[in-house]
*Asks:* 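Got a structure for you, questions after.
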Amino acid sequence: NQALQEFGYSQDQLVGERIECLIPDRFVRSHRKYHEAFAQKPQNRMMASGLELYAKRADNSEFPVDISLSSYKIKDQPFVLAFIHNITDRKKAEQQIQRLKNALDAKVILRTKELHETLTVLEKTNQLLEEARSFQQALLDSAGAIIIATDAQGMIKMVNKEAVVLLQYEPSELIDKKNLVHLYDQKEVSLAPQNSTAQHQSSITSAFMTLAENTKLAAHSEDVFHYLRKDGSKFPIALRINKLTSPEGLITGYIAIAI
């Protein structure tokens, strides 16, 4: 009864008809070949495994199916038993999964493209920044003056080539290692010896702030000092210290230019 309901036939309409009446016309020719092959070598198996199969109702509508075949004999008369399962719901679920997969793949492709574009922009930006840094360093190195940049407490953050040559230090010996006041004659910056490390650091900061005091009162200061080389020898310089400020007006560092 379930088969009759599924295909829309009455028993009288279906009994005695060839099986091809339940197969869409476009598959009839290939089905006959499969049928002949099964008749020659009958065995229990899924029909056309790996292929999409469809059945046809009496009203010619179609639905996807799985078909398993079994053979048996009654008084040496061969029969074929077909188990037909309507897999419409499964196909709908598979199609929904495929749509979700396609949507996910599309999002992955889009995000990958966006990431690639972002990385390309960052690469170009980094290239421009590197070119700008190289240009800036070239300007600093060709300025004909000793140029040293510090943070707000006077710790050295950048030196140009002229500073390296005349002070006889490697950049790594100065950057984040020495305060600007360490490069001056200590008598000129009033750096008195202290008993503890904390007192010494406080003294260094205080000495630097005294050195940079004029930069807080005006855009820059200019005085004559002596720089100390690494070997302890000194040479006179005309010093200008310019303060660096944030958009809020806070002092973020200093640029010391000596000639």
*Asks:* Mind checking what makes salt bridge (Lys or Arg N to Asp or Glu O under 4.0 Å) contact with Lys101, not counting sequence neighbours?
*Replies:* Asp105

*Asks:* Only pairs at least two apart or in different chains count here, so list each salt bridge (charged side-chain N to carboxylate O under 4.0 Å, His left out) that has a residue in residues 163-173.
*Replies:* Glu173-Lys230

*Asks:* Sequence neighbours left out, what passes ring-ring contact (aromatic ring centres under 6.0 Å, His included) with Tyr54? Give chain and number order.
*Replies:* none

*Asks:* Report whether Leu167 and Leu228 are members of the same hydrophobic cluster (ILVMFWY, side-chain heavy atoms less than 4.5 Å apart, transitive linking).
*Replies:* no

*Asks:* Any chance CD of Gln96 has more than 12 other-residue heavy atoms, nucleotides or ligands included, within less than 6.0 Å?
*Replies:*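 Enclosed: over 12 neighbouring heavy atoms sit under 6.0 Å from CD of Gln96.
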
*Asks:* Starting from Val121, can I reach Leu128 by hopping between I/L/V/M/F/W/Y residues whose side chains sit under 4.5 Å apart?
*Replies:*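 Each belongs to a different hydrophobic cluster.
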
*Asks:* Working to the nearest 0.5 angstrom, can you tell me the gap between Tyr254 OH and Ile156 CD1?
*Replies:*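 Here the rounded value is 15.0 Å.
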
*Asks:* How far apart are the C-alpha atoms of Ile251 and Lys243, what are their side-chain angles, what is the distance that settles it, and do they pass the side chain to side chain contact (heavy atoms under 4.5 Å, CB included) test?
*Replies:* CA-CA 7 Å; Ile251 295 176; Lys243 62 183 176 182; 4.2 Å; yes

*Asks:* How long is the straight-line distance from CD1 of Ile257 back to CD1 of Ile255, given to the nearest 0.5 Å?
*Replies:* 7.0 Å

*Asks:* For Asp151, give me all partners under side chain to side chain donor-acceptor pair (under 3.5 Å), at least two apart in sequence or on another chain.
*Replies:* none

*Asks:* I'd like to know whether Glu114 forms a salt bridge (Lys or Arg N to Asp or Glu O under 4.0 Å) with Lys107, so could you lay out the CA-CA distance, the side-chain angles of the two residues, the decisive distance to 0.1 Å, and finally the verdict.
*Replies:* CA-CA 10 Å; Glu114 291 175 346; Lys107 286 184 178 180; over 6 Å; no

*Asks:* Who are the ring-ring contact (aromatic ring centres under 6.0 Å, His included) partners of Phe27, not counting sequence neighbours?
*Replies:*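 Residues passing ring-ring contact (aromatic ring centres under 6.0 Å, His included) with Phe27: none at all.
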
*Asks:* Return the minimal non-hydrogen interatomic distance between Ala55 and Val65, and the atom names on each side.
*Replies:*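 Smallest interatomic distance, heavy atoms only, reads CB-CG1, 3.8 Å.
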
*Asks:* Hey, what do you get for CD1 (Ile84) to CG (Asp66), rounding to the nearest 0.5 Å?
*Replies:*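 Result: 11.0 Å between the selected atoms.
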
*Asks:* Going only through I, L, V, M, F, W and Y residues with side-chain contacts under 4.5 Å, is there a path from Leu69 to Ile87?
*Replies:* no

*Asks:* Rounded to the nearest 0.5 Å, what separation is found between the CG atom of Leu100 and the CD atom of Gln98?
*Replies:*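 The distance works out to 9.5 Å.
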
*Asks:* Donor-acceptor pairs under 3.5 Å, side chain of residues 17-24 to any protein atom, not counting sequence neighbours: which ones?
*Replies:*
{"from": "Arg18", "atom 1": "NE", "to": "Glu20", "atom 2": "OE1", "distance (Å)": "3.2"}

*Asks:* Nearest 0.5 angstrom please: Gln95 CD to Arg90 CZ, how far?
*Replies:* 11.5 Å

*Asks:* Report whether Phe79 and Phe83 are members of the same hydrophobic cluster (ILVMFWY, side-chain heavy atoms less than 4.5 Å apart, transitive linking).
*Replies:* yes

*Asks:* Work out which heavy atom in Lys73 is nearest to a heavy atom in Pro78; give both atom names and the distance.
*Replies:*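 Minimum heavy-atom separation between Lys73 and Pro78: CG-CA, 3.9 Å.
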
*Asks:* Could you list the residues that satisfy salt bridge (Lys or Arg N to Asp or Glu O under 4.0 Å) with Arg29, not counting sequence neighbours?
*Replies:* none

*Asks:* Please enumerate all residues that pass salt bridge (Lys or Arg N to Asp or Glu O under 4.0 Å) together with Lys92, with sequence neighbours excluded.
*Replies:* none

*Asks:* For residues Leu129 and Thr125, determine if any side-chain heavy atom of one lies less than 4.5 Å from a side-chain heavy atom of the other.
*Replies:*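 Yes - at least one pair of side-chain heavy atoms lies under 4.5 Å apart.
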
*Asks:* Among all residues two or more places apart in sequence or in another chain, which pass the side chain to side chain donor-acceptor pair (under 3.5 Å) test with Ser61?
*Replies:* Arg57, Asp59

*Asks:* Considering only heavy atoms from C-beta outward, does the side chain of His182 approach that of Tyr184 to under 4.5 Å?
*Replies:*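 Contact flag for His182/Tyr184 side chains = no.
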
*Asks:* Check whether any side-chain heavy atom of Ile148 sits under 4.5 Å from a side-chain heavy atom of Ile146, and report yes or no.
*Replies:* yes

*Asks:* Take His85 and Ile67, measure what side chain to side chain contact (heavy atoms under 4.5 Å, CB included) needs, and give me the verdict at the end.
*Replies:* CA-CA 6 Å; His85 178 54; Ile67 300 176; over 6 Å; no

*Asks:* List in chain and number order the residues that pass side chain to side chain donor-acceptor pair (under 3.5 Å) with Ser233, two or more places apart in sequence or in another chain; answer none if no residue qualifies.
*Replies:*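 Applying side chain to side chain donor-acceptor pair (under 3.5 Å) to Ser233 gives Arg229, Asp231.
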
*Asks:* Apply ring-ring contact (aromatic ring centres under 6.0 Å, His included) to Phe7 and list each qualifying residue two or more places apart in sequence or on a separate chain.
*Replies:*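 If we apply the ring-ring contact (aromatic ring centres under 6.0 Å, His included) test to Phe7, skipping adjacent residues, the hits are Phe63.
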
*Asks:* Check the pair Met155, Lys177 against side chain to side chain contact (heavy atoms under 4.5 Å, CB included), reporting the backbone distance first and the verdict last.
*Replies:* CA-CA 7 Å; Met155 184 62 69; Lys177 299 289 179 58; 5.9 Å; no

*Asks:* Heavy-atom distance under 4.5 Å between the side chains of Gln11 and Leu4, does that happen here?
*Replies:*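 Yes, close enough: below the 4.5 Å cut-off.
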
*Asks:* Would you say that His116 contacts Thr112 through its side chain, given a criterion of any heavy-atom pair below 4.5 Å between the two side chains?
*Replies:* no

*Asks:* Go through the steps for Ser10 and Gln13 under the test side-chain hydrogen bond (donor to acceptor under 3.5 Å, both in side chains), then give the verdict.
*Replies:* CA-CA 5 Å; Ser10 66; Gln13 290 175 308; 3.2 Å; yes

*Asks:* Can you tell me how far the CZ atom of Arg111 sits from the OG1 atom of Thr118, to the nearest 0.5 Å?
*Replies:*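 If I round to the nearest 0.5 Å, the distance is 11.0 Å.
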
*Asks:* For the residue pair Ile237 and Ile259, establish whether any side-chain heavy-atom pair is separated by less than 4.5 Å.
*Replies:* no

*Asks:* Should the pair Glu94-Arg99 be classified as a salt bridge under the 4.0 Å nitrogen-to-oxygen rule?
*Replies:* no

*Asks:* Restricting to salt bridge (Lys or Arg N to Asp or Glu O under 4.0 Å), what partner residues turn up for Asp176, sequence neighbours left out?
*Replies:* Lys157

*Asks:* Under 3.5 Å, is there a donor-acceptor pair between the Gln153 and Asn179 side chains?
*Replies:* no

*Asks:* Look only at the side chain of Ser71 and the backbone of Val80, and say whether a donor-acceptor pair between them is shorter than 3.5 Å.
*Replies:* no

*Asks:* Below 4.5 Å, heavy atoms only, C-beta onward: do Glu130 and Asn126 meet side chain to side chain?
*Replies:* no

*Asks:* Could you tell me whether the side chain of Asn160 and the main chain of Ala145 form a donor-acceptor pair under 3.5 Å?
*Replies:* yes

